[in-house]
Protein chains: 2
Amino acid sequence: MGITKTNLFTKEQNELASLAKAFAHPARIAILQYLLESNKCINGDLVNELKLAQSTISQHLRELKNAGLIQGNIEGASMSYCINPKKWGIVQELFNGMFDRFANCEPGDCC
Amino acid sequence: MGITKTNLFTKEQNELASLAKAFAHPARIAILQYLLESNKCINGDLVNELKLAQSTISQHLRELKNAGLIQGNIEGASMSYCINPKKWGIVQELFNGMFDRFANCEPGDCC
DNA sequence: ACTGTATATTGCAATATTACGATGAATAGG
DNA sequence: CCTATTCATCGTAATATTGCAATATACAGT
């Protein structure tokens, strides 16, 4: 039916999936990489960087903002976006919490 | 138009996004967690674990397999799935490569 | 060969995502 | 006040995802 049954899963599972969804588009990865690289906050000259329409980029920025991955400050007529440091750390921990659970696998154990 | 313009982005950006997409559903997170927890390979009693139809779970397993995150071995009549150790390491590195780029942010720098 | 079990595939309906143009709201600079 | 710039939102079209029932395939045991 095209609707995800969130109620069947744990809070952590839904949160991880939701964050992964925010990462699940190359344009959003590109935006994050641009923000990570420039370190300082960036306004919407992403429109020149990526070859997407302004409205499309605005939509991607909103999704990243909804996920809490980035913040936006009004700076005159333009908008200054940047990584949300607190959330970034939490996200990293969440993902590594999953990644690191795979540690003690002997070759013969499985696969 | 609903189609992602992959040609506009780098290989790394598309790869990260594609992997994130594989993670972007709580059922798939749950499957991975189950595999991580049981360590040993697992067949499809995920159907009992998750409350989803067998065909739905098979579909999620296929997506995880397509992403290279898991492997499946035939074991008699049933199927034995498990984490793909090699890919798992690569994925972890890819994500941490992104996460770790955010290091030197001074509070006044931005945000 | 027949039956039951386990898994994959197909076809469909409901919903979500992606992208863009057009429009709106706010600010900066005359 | 007028205009250009910057960004957000709305409406819409194209495509993707999610989920299930029904069906197909493959093996195991009798």
Side-chain angles (χ1 to χ4, degrees), chain A residues 1-9 13-14 16-32 34-35 41-67 69-82, chain B residues 1-9 13-14 16-31 34-35 41-67 70-82:
Chain A
M1 309 185 175
I3 188 168
T4 298
K5 298 188 162 179
T6 44
N7 55 310
L8 293 181
F9 307 100
Q13 287 162 350
N14 283 314
L16 259 168
S18 169
L19 284 166
K21 201 177 258 180
F23 287 122
H25 195 287
R28 292 195 288 272
I29 298 284
I31 291 171
L32 289 172
Y34 191 66
L35 284 171
C41 301
I42 293 300
N43 59 4
D45 39 26
L46 293 160
V47 181
N48 298 328
E49 195 71 15
L50 320 178
K51 299 292 175 64
L52 291 172
Q54 179 267 324
S55 57
T56 305
I57 290 177
S58 183
Q59 224 172 349
H60 284 305
L61 284 167
R62 182 170 49 177
E63 281 182 61
L64 288 171
K65 205 168 127 200
N66 284 345
L69 292 169
I70 66 172
Q71 301 173 326
N73 287 16
I74 301 170
E75 193 143 312
S78 64
M79 200 70 181
S80 186
Y81 281 106
C82 60
Chain B
M1 312 190 173
I3 188 169
T4 297
K5 300 189 163 177
T6 44
N7 57 310
L8 293 180
F9 307 100
Q13 286 163 349
N14 283 314
L16 258 168
S18 169
L19 285 166
K21 199 178 258 180
F23 287 123
H25 195 287
R28 293 196 287 272
I29 297 284
I31 291 171
Y34 191 65
L35 283 173
C41 300
I42 293 299
N43 60 1
D45 39 26
L46 293 159
V47 180
N48 298 329
E49 195 71 15
L50 319 179
K51 300 292 175 67
L52 291 171
Q54 178 267 324
S55 57
T56 305
I57 290 177
S58 182
Q59 224 171 351
H60 283 304
L61 283 168
R62 183 171 51 178
E63 282 182 61
L64 289 172
K65 205 167 124 200
N66 285 344
I70 65 173
Q71 301 173 328
N73 288 15
I74 301 171
E75 194 143 311
S78 64
M79 199 69 182
S80 186
Y81 281 107
C82 60

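Below, chain A is the first sequence line, B the second, and so on; all start at residue 1. Nothing here was measured: the structure is a model prediction, and the numbers come from that model.
Between D:dT6 and A:Tyr81, no contact under 4.0 Å exists linking OP1 or OP2 to a side-chain N or O. Between B:His25 and D:dG19 there is a side-chain polar atom (N or O) within less than 4.0 angstrom of OP1 or OP2.
Comparing B:Leu61 and A:Gly76 by the nucleotide of DNA chain C whose heavy atom lies nearest to each, the residue mapping closer to the 5' end is B:Leu61. Toward the 5' end of DNA chain C, the nearer of the two residues A:Gln59 and B:Met79, judged by each one's closest nucleotide, is B:Met79. Position along DNA chain D of the nearest nucleotide to B:Lys21 versus A:Arg62 favours A:Arg62 as the more 5'-ward residue.
Comparing D:dC20, C:dA19, C:dT18 by their closest approach to the side chain of B:Ala53 singles out D:dC20. The side chain of B:Ala77 approaches C:dA6 more closely than any other nucleotide in the set C:dT18, C:dA6, D:dT18.
Among the atoms of the strands shown, only primed sugar atoms or phosphate atoms (P, OP1, OP2) are found under 4.0 Å from some heavy atom of B:Ser78. Looking at heavy-atom distances under 4.0 Å, B:Ile74 makes no contact with the nucleic acid at all. Among the heavy atoms of the strands lying under 4.0 Å from B:Ser55 is at least one base atom, whether or not backbone atoms are also near. A:Glu75 comes within 4.0 angstrom of no nucleic acid atom, judged by non-hydrogen atoms across all strands.
The shortest distance between side-chain heavy atoms of B:Ile29 and A:Asn14 does not fall below 4.5 Å. Side-chain contact between A:Ser58 and A:Gln54 is present, with at least one heavy-atom pair separated by less than 4.5 Å.
With rounding to the nearest 0.5 Å, the separation of CD1 in A:Ile70 from CD1 in A:Ile31 is 7.0 Å.
Interface remark: the B:Gln54 side chain does not form any donor-acceptor pair with the C:dA6 base, using a distance-only criterion of under 3.5 Å.
B:His25 and A:Phe9 have perpendicular rings, their planes meeting at more than 60° on a 0 to 90° scale where under 30° would count as parallel.
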